[in-house]
Every structure is written in structure tokens, then in C-alpha cells.
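Indexing begins at 1, ligand by ligand and atom by atom, following the structure's order.
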Amino acid sequence: MELLKGSTVTKKINEDLKQTLSSWKGSLPHLAIIRVGDNPDDISYEKSAAKKMEFLGISHTIYTYPKTISTQEFRTAFQKINEDSSIDAILLLRPLPSSIDEKEIAEIIHPTKDIDGISPINIAKIFSGEKDGFAPCTAEAVMEMLSYTDIPLSGKTAVIIGRSLVVGKPLSMLLLNQNATVTICHSKTKNLPSICKTADILISCIGRPHMIDASYIKENAVVIDVGINFDENGSLCGDVDSDNITQASFITPVPGGVGAVTTSILAKHVLKAAFIHQKLKD
Ligand code: NAP
């Protein structure tokens, strides 16, 4: 069994990005990271995203707002960033506090700045298989990890546990576009272990520490653990009990797995957005 580390997968992506940036003409690509409130998960993602941008030499600005901000105030602030021609890309940390209508923000974000695929236009592009939009970074990071294994996806049975718009649903479309046969499971799914046991590729996006044990895993399956949780000792862990699984061909660790790839995909999307904006300005 091979441990599929994020650092291994990102090496080539980071090299390619650095090379593209070394010959970049004009102002550097600029990412706006927007956070409302002080959710520790958001702060942790914001730090990793900022660190990756600094490592690669992409400029970024972090905008923070109090949890108490009204919908009207946030909409005004968001529109200012959205309309700022010096900003190529926007990462909005979600979920937003319930006092803000997230759907409304997803509808106003410029699709060409929407590098985490929240606008209805980008969602539709994933469903129709168009390549000029933006998929959510985590879903694309999973595809990047699968691509690294060199296992052809066509005809493979893929089971995704989790149906969120951030990961599960867009990922199902990306896998379908690669001709995998896809099943999506969720909290109401019956006989979850036996369905998972049919999977050549099992992707867990649940958010339950170590729920997926060896009884869910087919011989030689590729297991991708998207979950980010804390165990009973307060240590970071995934959904998969990877220490006690031996039959998989590849398994991703947590920490050091999908999360590391996600920020590299984010950087890749910033460059793609900046490139689109340069073309629009020409
Ligand atoms: P979410 O919106 O809470 O969705 C969780 C999904 O898991 C739901 O579809 C839910 O089913 C399903 N689920 C919950 N308990 C289940 C159970 N016992 N059996 C089967 N399905 C179950 O979470 P999310 O935003 O998709 O994130 C999922 C996990 O990925 C979290 O741990 C999050 O921190 C992590 N994450 C990681 C990254 C990264 O870059 N690595 C990025 C984003 C998220 P229902 O729909 O029926 O409720």
C-alpha cells in the first residue's frame, strides 16, 4: 500500500506555477481572501492559502469582517472587491454566518474571479463538462491526486461519501466526465459499508473522525480522505482509519493529504483567472 502524500502530488504543480510566474508579464496575479467571523477552520485555511501564495510569489490581500456584519454591509463591501480591477480572484471562506445570504453572494461574484466555483455559472459548467470554468478547489484536488496514481478512471467504480456542493456533488461530475461509474452516498444511505466495498475508488468527504474502517475497503482500492476532523485526543485526523487498513493500493494521509493539494489548485486557479483578465483587458 502506498501513502499518497499531498507534497508528492503538489511538487510538479508548484514547479509549473513557479515557472509560469517567472515569465509573467504585467502586474502579478492578485487574490482576495474574504473571511467573515473568526471560525478556526476558516482561519486555518486562510493561513495555508496565504502561505502557499507567498511561497509561489502570488500577491494576496486578506479582508476580514465581524460576524455581526449585516447582509447589506457585507454585500456592499463584497461588491467593492468584486469590481476592483486590480483583483483577479476571490476566495470567500464559507460557510458564511447565517445572517448573510450566501446564495445572493454566489450569484453576484464575477464568474471569472470565482476561483472556488460557487457561482451558478461555474457550477453549470462543471455539470456540462466545460473546461473554461472553475471547479471547487477541493474537488479538483481530489482529481489531481487520482491523476497522480496513473490509474485510468474510465470504467472504474467510484463511491463518494458526502453530497455537499463544496466537494461531493462537483466531484461526482468531474469523475463522471472521466467516464467513471459514480455512486454518491450520504447520511441516509443504507448499507454504506457494502456499497463502499464495491469501490475501486473510495472518496470520503464526511467529517467524522476515523469512521471508515477496513470493512468499507475493497482489495486494491484507491482511498482518498477529504475529511478534516479532530480525534478524541484533539489531534487532526481524517474520516478514514488509515492505520488499520492494509488492503488499499493508495491511501491519502490527514494531515498532509488533500488539503496540501487544495491550496496548490487554488494558486493554479488564481493564475488562470489572472490570465483570463489579462486577455479581457487586451
Ligand atoms: P458537509 O457539508 O457537512 O457534508 C458532509 C456530508 O457527509 C453530507 O453529505 C452528509 O450527508 C454526509 N454524512 C455525514 N454523516 C454521515 C454518515 N454517518 N454516513 C454517511 N454520510 C454522512 O461537509 P463538507 O463541507 O462537504 O466537508 C466534508 C469534510 O471534508 C469535512 O471534514 C471538511 O472539514 C472536509 N473538507 C476538507 C477540505 C480539504 O481541502 N481537505 C475542503 C473542504 C472540506 P447528508 O447530506 O445526508 O447530511
Next item on the list: Using heavy-atom distances, let me know which of H186, R163, K169 sits nearest atom 46 (O) of ligand 1.
Entry: R163

Checklist line | For atom 19 (N) of ligand 1, closest protein heavy-atom neighbour | finding: M211 CE, 3.6 Å

Margin query: Whether the S70 and Q72 side chains hold a donor-acceptor pair (N or O, under 3.5 Å, no angle test) is what I'd like checked.
Written below: no

Notebook entry, point to check: Is K5 atom NZ crowded by more than 12 heavy atoms from other residues, nucleotides or ligands, each under 6.0 Å away?
Noted result: no

Checklist line | Check: N82/Q79 side-chain N/O donor and acceptor closer than 3.5 Å | finding: yes

Check: Going by the side chain to side chain donor-acceptor pair (under 3.5 Å) test, which pairs reach into residues 136-161, not counting sequence neighbours?
Finding: E140-H269

Next item on the list: Give the residue and atom name of whichever protein heavy atom lies nearest to atom 44 (C) of ligand 1, and the separation in Å to one decimal.
Entry: V167 CG2, 4.3 Å

Notebook entry, point to check: What part of T138, side chain, backbone, both or neither, has a heavy atom within less than 4.0 angstrom of ligand 1?
Noted result: side chain

Note to self: So if I count the atoms of ligand 1 from 1 in the order they appear, which ones are less than 4.0 Å from some heavy atom of G259?
What the structure shows: 40 (O), 41 (N)

Note to self: Surrounding CD of Q19 (heavy atoms of other residues, nucleotides or ligands, distance under 6.0 Å), is the total greater than 12?
What the structure shows: no

Can you list, pair by pair, the side-chain donor-acceptor contacts under 3.5 Å of residues 34-41, counting residues two or more places apart and other chains?
{"from": "R35", "atom 1": "NE", "to": "E46", "atom 2": "OE1", "distance (Å)": "2.4"}
{"from": "R35", "atom 1": "NH1", "to": "G37", "atom 2": "O", "distance (Å)": "2.8"}
{"from": "R35", "atom 1": "NH1", "to": "D38", "atom 2": "OD1", "distance (Å)": "3.1"}
{"from": "R35", "atom 1": "NH2", "to": "E46", "atom 2": "OE1", "distance (Å)": "3.4"}
{"from": "R35", "atom 1": "NH2", "to": "E46", "atom 2": "OE2", "distance (Å)": "3.4"}
{"from": "N39", "atom 1": "OD1", "to": "D41", "atom 2": "N", "distance (Å)": "2.8"}

Next item on the list: Using a strict 4.0 Å cut-off to heavy atoms of R208, name the atoms of ligand 1 that fall inside it.
Entry: 14 (C), 15 (N)

Check: Which ligand 1 atoms are under 4.0 Å away from a heavy-atom of G162?
Finding: 6 (C), 7 (O), 9 (O)

Checklist line | Main-chain N/O of G207 paired with D239 side-chain donor or acceptor, under 3.5 Å | finding: yes

Next item on the list: Run down the list G257, S204, S164, C205 and name the one with the heavy atom closest to atom 6 (C) of ligand 1.
Entry: C205

Check: Which protein heavy atom lies closest to atom 33 (C) of ligand 1, and at what distance to 0.1 Å?
Finding: I228 N, 4.1 Å

Item checked: Sub-4.0 Å atoms of ligand 1 with respect to non-hydrogen atoms of N229 -> 32 (O)

Next item on the list: From the options V261, I206, I212, select the one whose nearest heavy atom is closest to atom 22 (C) of ligand 1.
Entry: I206

Check: Do N14 and S264 have a side chain donor and acceptor closer than 3.5 Å?
Finding: yes

Notebook entry, point to check: Using a heavy-atom cut-off of under 4.0 Å, does the side chain or the backbone of I161 touch ligand 1, or both, or neither?
Noted result: side chain

Next item on the list: Report whether I81 and L280 are members of the same hydrophobic cluster (ILVMFWY, side-chain heavy atoms less than 4.5 Å apart, transitive linking).
Entry: no

Check: Do any nitrogen or oxygen atoms of T262 lie less than 3.5 angstrom from nitrogen or oxygen atoms of ligand 1?
Finding: yes

Check: Are side-chain N/O atoms of N233 and S235 paired as donor and acceptor at under 3.5 Å?
Finding: no

Margin query: Against ligand 1, does G168 come closer than 4.0 Å with any heavy atom?
Written below: no

Checklist line | Residue and atom name of the nearest protein heavy atom (relative to atom 31 (C) of ligand 1), distance in Å to one decimal | finding: G207 CA, 3.8 Å

Notebook entry, point to check: What is the nearest protein non-hydrogen atom to atom 37 (C) of ligand 1, stated with its residue, atom name and distance?
Noted result: V226 O, 3.1 Å

Notebook entry, point to check: Angle class for the F78/F74 ring planes (parallel below 30°, perpendicular above 60°, tilted otherwise)?
Noted result: tilted

Next item on the list: May I ask you to check whether S187 has an N/O atom sitting below 3.5 Å from an N/O atom of ligand 1?
Entry: yes

